[in-house]
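Notes follow once the structure below has been shown.
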2 protein chains.
Amino acid sequence: MLNDFIRTSKALSDETRVRIVSLLMRNELCVCQLMEILGMGQSTVSKHLGILRNAGLIEVEKRGTWSFYGLCRDKANRHNLDFIRLLPFLPKDDPFLQKDGKKLKEVNKKGVAFCSAITLNRRLRERSNNAG
Amino acid sequence: MLNDFIRTSKALSDETRVRIVSLLMRNELCVCQLMEILGMGQSTVSKHLGILRNAGLIEVEKRGTWSFYGLCRDKANRHNLDFIRLLPFLPKDDPFLQKDGKKLKEVNKKGVAFCSAITLNRRLRERSNNAG
DNA sequence: ATAATATATCACTATATTGTGATAAAGGAA
DNA sequence: TTCCTTTATCACAATATAGTGATATATTAT
């Protein structure tokens, strides 16, 4: 009932998750590609994807070891499509979304095989070690 | 930028606040009327109204000591109207919203003068004392 | 003036959420 | 098989949020 509505608006009430759906609006991506674009750890990205999926906003397709995520195209619950209709109104001139869009192009050019969850996780750890 | 979108979806990602906007869709109400319907304390209701107002979803009109709240009818920021357009899709058969709707009729019949913030706050405190 | 009321705001506790490292499960390559 | 990868999940720390009582402000009545 109300829970569907609240679960979905809650899913869209976090900056990272809005960035993710904004990217997935343009093309499907796997977890490690999203890590590269967002600059976040694998468990973080995976958790956010779980929340968006649970809300019926995105869907997965497994191919080998990769999980490709894209916008949900079907009625998954009572409100998912209503909220998906809001996504085209996301501000295209937002600095965050613009930066993400540029990174998206790079990642698409490189291709899935050239993104590495392990490398990025290591890099993130080194960076936080140097900072702290 | 993105903040407008997130602030608004966050405002709608809480059960109490969705109940409030659902009520204000039907007619304007003051804080103490909302207290009666929701069965919550005055500071709680007031805080939620502040969050909804800050998101551009509702607006206030002061008359005497009363603050009457209603749905926002103007463009308050970049996304408020997009989200307000979602409200008619709220599930009318939700048990919570139905119960609120019945209470709304009672409160409307009684009139503003017969709701009392002080009385309800006292009642709530007594109830929690008996429980704890 | 004083008293009573409606509302907003502050400080606090309890709970929820975010980001993270470690671990586990599962597919593909050597 | 063993090794390397991607992804999901768990446990934890840091932060954010919800609900509340007390307090402060403002309006109205006496």
Side-chain angles (χ1 to χ4, degrees), chain A residues 6-7 9-20 29-36 38-55 60-69 112-129 131-132, chain B residues 6-7 9-20 29-36 38-55 60-69 112-129 131-132:
Chain A
I6 289 166
R7 193 183 309 125
S9 56
K10 197 171 282 185
L12 287 177
S13 72
D14 174 84
E15 183 178 81
T16 303
R17 289 195 290 270
V18 174
R19 289 169 69 192
I20 291 175
L29 291 166
C30 67
V31 179
C32 54
Q33 287 176 309
L34 282 165
M35 291 174 67
E36 300 264 354
L38 300 169
M40 287 178 169
Q42 185 268 321
S43 63
T44 306
V45 174
S46 203
K47 195 195 251 184
H48 282 302
L49 289 168
I51 291 169
L52 288 167
R53 196 153 94 86
N54 190 245
V60 211
E61 190 190 322
K62 290 222 170 202
R63 291 183 219 137
T65 41
W66 283 280
S67 293
F68 285 92
Y69 284 87
V112 183
F114 289 89
C115 74
S116 164
I118 290 175
T119 304
L120 187 51
N121 258 345
R122 177 159 35 78
R123 242 186 263 157
L124 287 170
R125 200 173 326 161
E126 285 168 5
R127 195 187 305 168
S128 77
N129 283 346
Chain B
I6 289 166
R7 193 182 310 124
S9 54
K10 197 170 282 185
L12 287 177
S13 72
D14 174 84
E15 184 177 84
T16 303
R17 289 195 290 270
V18 175
R19 290 169 68 192
I20 290 174
L29 290 166
C30 67
V31 179
C32 55
Q33 287 176 311
L34 282 165
M35 290 175 66
E36 300 263 355
L38 299 169
M40 288 177 169
Q42 185 267 321
S43 63
T44 306
V45 173
S46 203
K47 196 197 251 183
H48 283 302
L49 289 168
I51 292 170
L52 289 167
R53 197 153 94 88
N54 189 244
V60 211
E61 190 190 321
K62 291 222 169 199
R63 292 184 218 137
T65 42
W66 284 280
S67 293
F68 285 92
Y69 285 87
V112 184
F114 289 90
C115 74
S116 163
I118 289 175
T119 303
L120 188 51
N121 259 344
R122 176 160 34 80
R123 243 185 263 157
L124 288 169
R125 195 169 332 156
E126 285 168 4
R127 197 187 305 169
S128 77
N129 283 345

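Chain letters run A, B, ... following the sequence lines, proteins first and then strands; every chain starts at 1.
- Straight-line distance from the CZ atom of B:Arg122 to the P atom of C:dA6: 12 Å, rounded to whole Å.
- Listed nucleotides C:dG19, D:dT20, D:dT5 differ in distance to A:Ile118; the shortest reach to its side chain belongs to D:dT5.
- Shown here for B:His48 and B:Ile20, the closest heavy-atom pair between the two residues is CB-CD1, 3.9 Å.
- Of all non-hydrogen atoms in B:Met40 and B:Leu120, the two that sit nearest each other are O-CD2, 4.3 Å.
- Nucleic acid contact for B:Arg17: sugar-phosphate only, since backbone atoms but no base atoms lie under 4.0 Å from a heavy atom of the residue.
- Atom CG in A:Leu29 sits roughly 15 Å away from atom P in D:dT6 (whole-Å rounding).
- In this model, the phosphate group of C:dT18 is not approached by any side-chain N or O of A:Thr16 to a distance below 4.0 Å at OP1 or OP2.
- Backbone-only contact: B:Asp14 has heavy atoms under 4.0 Å from sugar-phosphate atoms and none from a base.
- Distance CZ (B:Arg53) to P (C:dT7): 13 Å, rounded to an integer number of Å.
- Residue A:Arg125 places its side chain closer to C:dA22 than to any other of C:dA22, D:dT5, C:dG19.
- When distances run from any side-chain atom of B:Trp66 to the nucleotides C:dT7, D:dT6, D:dT20, the shortest one goes to C:dT7.
- One interatomic measurement links the two molecules: CD of A:Gln42 to P of C:dA25, which rounds to 15 Å at whole-angstrom precision.
- As judged by a 4.0 angstrom heavy-atom cut-off over every strand, B:Leu34 is placed among residues making no nucleic acid contact.
- Regarding A:Met40, its CE atom lies at a distance of 11 Å from the P atom of C:dT18, rounded to whole Å.
- Nucleotides of DNA chain C nearest to A:Lys10 and A:Gly39 differ in position, and the one nearer the 5' end is that of A:Lys10.
- Where A:Leu124 and B:Ser67 each meet DNA chain C at their nearest nucleotide, the meeting point lying more 5' is that of B:Ser67.
- Residue A:Lys62 places none of its side-chain N or O atoms closer than 4.0 Å to OP1 or OP2 of C:dA26.
- Proximity note for B:Ser128 (side chain, C-beta onward) versus D:dT17, D:dG21, C:dT9: the nearest is D:dG21.
- Of the possible donor and acceptor atoms, one in the side chain of B:Gln33 sits under 3.5 Å from a partner among the backbone N and O of B:Cys30.
- Side-chain N/O atoms of B:Tyr69 include one lying less than 4.0 angstrom from OP1 or OP2 on C:dA8.
- Annotation for A:Arg53: atom CZ does not count as buried by contact number, only 12 or fewer foreign heavy atoms lying within 6.0 Å.
- Here the P atom of nucleotide D:dG21 and the CG atom of B:Asn121 are 7 Å apart, to the nearest Å.
- Taking every heavy atom of both residues into account, A:Val18 and A:Leu12 meet most closely at CG2-O, 3.3 Å.
- Backbone-only engagement by A:Ile51 is indicated by non-hydrogen atom pairs under 4.0 Å involving sugar-phosphate atoms exclusively.
- In this structure, B:Ser43 does not reach the D:dA22 phosphate: none of its side-chain N or O atoms is under 4.0 Å from OP1 or OP2.
- Taking atom CG of A:Asn54 as the reference point, atom P of D:dA8 lies 13 Å away to the nearest angstrom.
- Rounded to a whole Å, the CD atom of A:Glu15 is 15 Å from the C1' atom of C:dT17.
- For A:Thr65, taking side-chain heavy atoms from C-beta onward, the closest of the listed nucleotides C:dT18, C:dG27, D:dT7 is C:dG27.
- Residue whose closest nucleotide on DNA chain D sits further toward the 5' end, between A:Gln33 and B:Arg63: A:Gln33.
- Summary of the strand contacts: A:Thr44 and A:Val112 both lie near DNA chain D, and taking for each the nucleotide with the nearest heavy atom, the more 5' one is attributed to A:Val112.
- The backbone N or O of A:Lys10 lies less than 3.5 Å from a partner atom in the side chain of A:Ser13, making a donor-acceptor pair.
- When the side-chain nitrogen and oxygen atoms of A:His48 are compared with OP1 and OP2 of C:dT17, none of them lie within a distance under 4.0 Å.
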